[in-house]
Amino acid sequence: MDYLKGLNEPQFEAVTTLEGPLMVLAGAGSGKTRVLTMRIAHLITNGIDPFNILALTFTNKAAKEMKERIAKLVGDSNARSLWMGTFHSVFARILRIEGHYLGYPSNFTIYDTQDALNVLKKVIKDLGIDAEIYKAKKVMSRISQYKNNLITVNAYFNNPELMEADERANMKHMGEVYRKYVEACFKNGAMDFDDLLLKTNELLTRFPEVLAKYQDRFRYILVDEYQDTNHSQYLIVKALASKFENICVVGDDAQSIYSFRGANIYNILNFKKDYPDAVTVSLEQNYRSTQNIVDAANVVISKNLQQFKKNVFSENEVGEKIKIYRSLSDADEANFVSANIYELHNTQQRHFSDFAILYRTNSQTRAFEDALRKKNIPYKVYGGLSFYQRKEVKDLLAYLRILVNENDSEALSRIINYPARGIGETTQNKLVVFADSQNLSVSQVLDNLGFYAPQLGLNNGILTKLGDFWAMIKAFQVMLKTDNVYDVAMEVAKRSGLIKFLKEDATPEGISRVENIQELLNSMQGFIDEQIQIEDGDPSLSNFMENIALSADTQTDKDDDTNKVSLMTIHLSKGLEFPIVHLVGLEENLFPSFMSSATREDLEEERRLFYVALTRAEKQVFFSYAVSRFQWGKITDAEPSRFLSEIDSHYLEMINPVAELKFINRSGLDSSIFDETPSEPRFYKKKEEKKTLERNTNVPPPKKTLKPVATARIINPAGQSSQDIEVGDMVRHDRFGVGKVEFLDGTDPQNIKAKVIFANEGEKNLILKFAKLTKI
DNA sequence: TACACCGGCCTTTTT
DNA sequence: GGCCGGTGTA
């Protein structure tokens, strides 16, 4: 048992306490994954059949990584018989086997968020209620809340409080919407993400024999990231574990970042109540990061009221301070980051794979991609608008979904007239209405089109088109019986007219759509190859569909991830580590997000997110923020994130000029950044505080009211007169945004020309008299 | 029936 | 800036 050597005391305890309930509180970087994998290995070496072990993770990435590490310890065949995966994928697998208890076919479709929203929109439309009030997204998140708290439609109607709450929210039809939505999904033979958990609960509660079967099977249960489980997941785990109580949960309350998905931090906080005999182990030594990083992170998280007390520490080197870069714009920020990576790559022989760029929202990727590409730095974007969510990809997949599950009316409506084949909205409505009236599915009507034709009220031309379409689908289905997934998909892409249609569009976007289709086909080929190699692999179409439905980021994982800069959201980065982290977009309303600044709870979750980001880094962290950002189609002013001011200044170091240090020093000491009305204006904040050129150059007075010059004095610590514009100055232009003055030309004050390089717009030559430049 | 155009809306994070 | 839904036109 060599692997036990090198564990510290609490780690050893966590690995070797095999029986009974165990809670491992694992601080960031404390070797959590190592403990989990070794624990599993230890179970197996102690004679436990891997078949009896269930390990649940939160992301596919985590599952995959852990499986690989376990395989190294205990061998491939042992690792393979483990049940390891995300909650959703494991229980989808179980529902495929047992779903018939609940009336679901084993080939049920899994709806992603978009599919579910489409179904919901139709429901709302059919009910004839105000779509302005019943916004699909809003309604969906309510439904999701219900489901995650096991409030079924019936339970809803038996719960006056809930109904009243919805009524107060001016949504008295919520129950009806919920009912119709659930019915529609059921009829389509489909489950949404929440259903995978809800239905599992239903299965385990209503059918004791099923529960007993899986209790006996999963004698040892491990749950990673337990702080991120929601109520539904909590109940599943509890039910499965109740027989043997060999349950080990691992988590860190400081890293709970999924409450928007229903994660309930009390699941971990109350573990001791559920299992009074539980052993608790705390892993507090951080082996990942420098002291500076760990200490700074501790300072940040200490601002949260709600947390377990713990003392995460590092005995690594002190390390460098966190460096902060203040940029003019998102583009400028991206250029800094790419230049910085380039330089460290050259001067410190860093691999590109040593770097991560972490951001709050996916929409921030674009600028970094551009900047990295310019410098020929290889990179990989994780997550984001997943490949499988692109329209053209979903379209082709919709054809394939129909082949697997004919009742999937969402897929059918997507493709029945795409590419256009003359089956318009009117026709589709007639079909749906008729099918509903006969209590049939549309596919059943299409199966017997000749028989129903007289009642449909459609002309012969349309009937022929419908017949042709359905014959094509049927032919694909026949083909699926003999041919492999790739060949069928290729045939679908060709015969449906999809490829031809996409190829007609010669714009870059159009070309990339064709490429995406090609890539989808390639990934199918890859899937087949992979499944054939695996013992008892399953290269079927339905297995392929399941794989992609539950994995946002599998996409082209085939290509080598070696030596590329990683770009991802902070959420995705959880559990990962990188020598050098760039944490970007540290601005108010972006991070913390404007959606999460309202309540203390929301803000604390943002802070935990910040903590997660910071603790990804091993050696060095770079923060950056932009004073203006191109978003929502225009340039928006931004101010630095409050999180920056929450870190003591001695952990920090400004990369660029003087003025910023002033800000950091001050805000390190007080919290004026929180004040609604700061005692003194901050130099970067409001337009009104910026200087103008009016006195010297006779520029027409700006339309906006300006504050007295006294403000400007504070803005400019060097004390030079506020009206001068000099080469090197940062200026703002009403239309072009923020830029830097490169060159001034002319002596006549009436006719001075300035060459300004704008962060977003590039180089412009401006006549000062006309260009209303504001010095910043 | 198909498509172009317009206007309003929003936009966090993931399974 | 991009998406969606509605509307007007060929």
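To find a chain, count down the sequence lines: A is the first, B the second, and so on, and within it residues start at 1.
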Work out which heavy atom in [X] is nearest to a heavy atom in [Y]; give both atom names and the distance.
X	Y	value
A:V300	A:R607	O-CD, 3.2 Å
A:I151	A:Y178	O-OH, 2.7 Å
A:V90	A:W83	CG1-CE3, 3.7 Å

Could you tabulate the donor-acceptor pairs under 3.5 Å formed by side-chain atoms of residues 565-576 of chain A, not counting sequence neighbours?
unit_1 : atom_1 : unit_2 : atom_2 : d
A:T569 : OG1    : A:L572 : N      : 3.2
A:H571 : NE2    : A:I257 : O      : 3.1
A:S573 : OG     : A:I570 : O      : 2.7
A:K574 : NZ     : A:E225 : OE1    : 3.3
A:K574 : NZ     : A:D228 : OD2    : 2.2
A:K574 : NZ     : A:Q255 : O      : 3.1

Distance test, side-chain N/O of A:N60 to OP1/OP2 of B:dT14, below 4.0 Å: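 No.
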Under 4.0 angstrom between A:T569 side-chain N/O and B:dT14 OP1 or OP2: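 Looking at the OP1 and OP2 atoms of B:dT14, one of them is under 4.0 Å from a side-chain N or O of A:T569.
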Quick one: [X] [atom1] to [N] [atom2], roughly how many Å, whole number?
X	N	atom1	atom2	answer
A:N459	B:dT1	CG	P	8 Å
A:F87	B:dT15	CZ	P	14 Å
A:L603	B:dT12	CG	C1'	14 Å
A:Y388	B:dT14	OH	P	17 Å
A:N589	B:dT13	CG	P	15 Å
A:R616	B:dT13	CZ	C1'	15 Å
A:L609	B:dT14	CG	P	10 Å
A:R261	B:dT14	CZ	C1'	5 Å

Ring-base stacking, A:F260 with B:dT13 (5.5 Å, 30° cut-offs):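 It does: the two rings, one from A:F260 and one from B:dT13, meet the stacking criterion.
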Pairwise P distance for B:dT13 and C:dC4, with rounding to whole Å: 15 Å
DNA chain B-proximal residues of residues 414-423 of chain A, any heavy atom under 4.0 Å: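 Heavy-atom contacts with DNA chain B come from A:N417, A:A420, A:G422.
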Nucleic acid contacts - residues 131-140 of chain A versus DNA chain B, non-hydrogen atoms under 4.0 Å: A:K135, A:K137
Pairing of A:D468 and A:R421 as salt bridge, 4.0 angstrom limit: no
Electrostatic pair A:R373:A:D370 at N-O distance under 4.0 angstrom: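 So A:R373 pairs with A:D370 through a salt bridge.
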Donor-acceptor contact present, side-chain A:T464 to main-chain A:N460, <3.5 Å: yes
Test of ring centre spacing under 6.0 Å for A:F501 and A:Y418: yes
Interface limits on DNA chain C, where chain A has a heavy atom under 4.0 Å of a nucleotide atom: C:dG1 to C:dG5
Would you classify [X] as touching base, sugar-phosphate or nothing, given that sugar-phosphate means primed atoms plus P, OP1 and OP2, and contacts are heavy atoms under 4.0 Å?
X	value
A:S363	nothing
A:S596	base
A:N362	sugar-phosphate
A:K391	nothing
A:Y258	sugar-phosphate
A:L358	nothing

Summary of salt bridge (Lys or Arg N to Asp or Glu O under 4.0 Å) pairs that have at least one residue in residues 131-149 of chain A, sequence neighbours excluded: A:R142-A:D166, A:K147-A:D192, A:K147-A:D195
Within 6.0 angstrom of A:K180 NZ, more than 12 heavy atoms from elsewhere: no
Closest to the A:F594 side chain, choosing from B:dT11, B:dT15, B:dT13: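 When the side chain of A:F594 is considered, B:dT11 is the closest of B:dT11, B:dT15, B:dT13.
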Nearest to side-chain heavy atoms of A:M595, which nucleotide of B:dT13, B:dT15, B:dT11: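 Of all the options, the side chain of A:M595 is nearest to B:dT11.
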Aromatic ring pairing A:F193/A:H88, orientation class (parallel under 30°, perpendicular over 60°, tilted between): perpendicular
No-H, no-angle donor-acceptor pair, A:T113 side chain to B:dT15 base, under 3.5 Å: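 Donor-acceptor pair under 3.5 Å: yes.
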Sole residue of A:N107, A:T109, A:D408 in side-chain hydrogen bond (donor to acceptor under 3.5 Å, both in side chains) with A:R401: A:D408
Residues that A:D395 engages under salt bridge (Lys or Arg N to Asp or Glu O under 4.0 Å), provided they are two or more places apart: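 For A:D395 the salt bridge (Lys or Arg N to Asp or Glu O under 4.0 Å) partners, ignoring immediate neighbours, are A:K391, A:R414.
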